[in-house]
Amino acid sequence: MTSPRVTPVLESHYQRSVADYWNAEKNPVNLRLGDVDEIYHHHYGIGEVDWSVLEGPEETREERTIKELHRLECAQTEFLMSHLGALSPADRVLDAGSGRGGSSFVVNERFGCEVDGVSISESQVAFANDQSKRRGVDDRVRFHLRNMLDTGFETGAFQAIWNNESTMYVELGLLFAEHSRLLRRGGRYVCITGCYNDAYGLPSRAVSQINAHYICDVHPRSTYFKELANHRLIPAGVVDLTAATIPYWELRAKSTLTTGIESAFLDAYRSGSFQYLLIAADRV
């Protein structure tokens, strides 16, 4: 395996602000959920909620709710993984915007393949590499302080690449150009992302609130398909997960782990101005 060439990690003031945000982030809605089974995700959930978690003894309600929220975010990961195609232990895959490493560990356990994760957050990379050592998979699952727009990995190195709620931090044209370079011909790219609905018009107030909260820039739905096509990534499947994620946000809004952004997500999804999509594309 060739080591990545050395490239600058942070190339703009904006990227530095994003790195600073995630280096300082210790949000209980991420950490408390990950503590359930030491799989730490940085994305939302899908599926029907077991509302019985809000019933029963008050002293254990928080524990039940946290486990249910974690179950829903794990279901989202499994749904993404089911679209990566047929992978084997001989394959190498890339987790672009890997956070604290949750999805990378799930993929390695499911397929046995070699995983590289990249993040511009030093604290996330350190956390994820520590988890990899604790799990005894650091020879197969590695995390790098790298910029997903210019990873330094060799051309055609990966059979599959995914972004799980991280595309809103970058220009899609630059991102898909790098993914196209890194993927083998016939390789698979998958993302799950929130995007604003072009049919609605410009971003709604709720979408603007989401952007401000996460220091991100939610893209219009059309830009994904335009830039995928521009970079030889041909959609193989698109799934609208909007209805499937609303129950997660409804439960989170009733939990002790609220961050103040729950109502904006619910307003955006219910109004139709915001959509939650899975897009799978093949490199041709």
Chemist: May I ask you to decide whether E25 forms a salt bridge with R100, counting only side-chain N to carboxylate O separations under 4.0 Å?
Modeler: yes
Chemist: Can a donor-acceptor pair be found between the side chains of N211 and S208 at a distance below 3.5 Å?
Modeler: no
Chemist: Do NZ/NE/NH1/NH2 and the carboxylate oxygens of E78 and R110 come within less than 4.0 Å?
Modeler: yes
Chemist: Could you please spell out the steps behind the ring-ring contact (aromatic ring centres under 6.0 Å, His included) verdict for Y269 and F274?
Modeler: CA-CA 5 Å; Y269 284 138; F274 194 49; 5.0 Å; yes
Chemist: Walk me through it: do E114 and R142 pass the test side-chain contact (heavy atoms from CB on, under 4.5 Å)?
Modeler: CA-CA 8 Å; E114 195 174 350; R142 300 166 297 270; 2.6 Å; yes
Chemist: Do T77 and H43 meet the criterion of a side-chain donor-acceptor pair at a distance under 3.5 Å?
Modeler: yes
Chemist: Apply the test ring-ring contact (aromatic ring centres under 6.0 Å, His included) to residues W162 and H83: give CA-CA distance (whole Å), side-chain angles for both, the deciding distance (0.1 Å), then the verdict.
Modeler: CA-CA 10 Å; W162 70 91; H83 288 77; over 10 Å; no
Chemist: Taking F105 as the fixed residue, which of F143, F111, Y40 is the one that meets the ring pair (Phe, Tyr, Trp, His ring centres under 6.0 Å) rule?
Modeler: F143
Chemist: Knowing that exactly one of H70, Q76, R71 qualifies, which makes a side-chain hydrogen bond (donor to acceptor under 3.5 Å, both in side chains) with E73?
Modeler: H70
Chemist: Could you go through the side chain to side chain donor-acceptor pair (under 3.5 Å) check for E48 and Y248 one step at a time?
Modeler: CA-CA 8 Å; E48 292 299 320; Y248 163 88; over 6 Å; no
Chemist: With a 4.0 Å cut-off on N to O distance, would you call K254 and E250 a salt bridge?
Modeler: no
Chemist: Verify the ring-centre separation between Y214 and Y169: is it less than 6.0 angstrom?
Modeler: no
Chemist: Are R184 and D91 ion-paired here, with the side-chain N under 4.0 Å from a carboxylate O?
Modeler: yes
Chemist: For T167 and Y224: C-alpha separation, side-chain torsions, deciding distance, then whether side chain to side chain donor-acceptor pair (under 3.5 Å) applies.
Modeler: CA-CA 10 Å; T167 53; Y224 282 90; 2.7 Å; yes
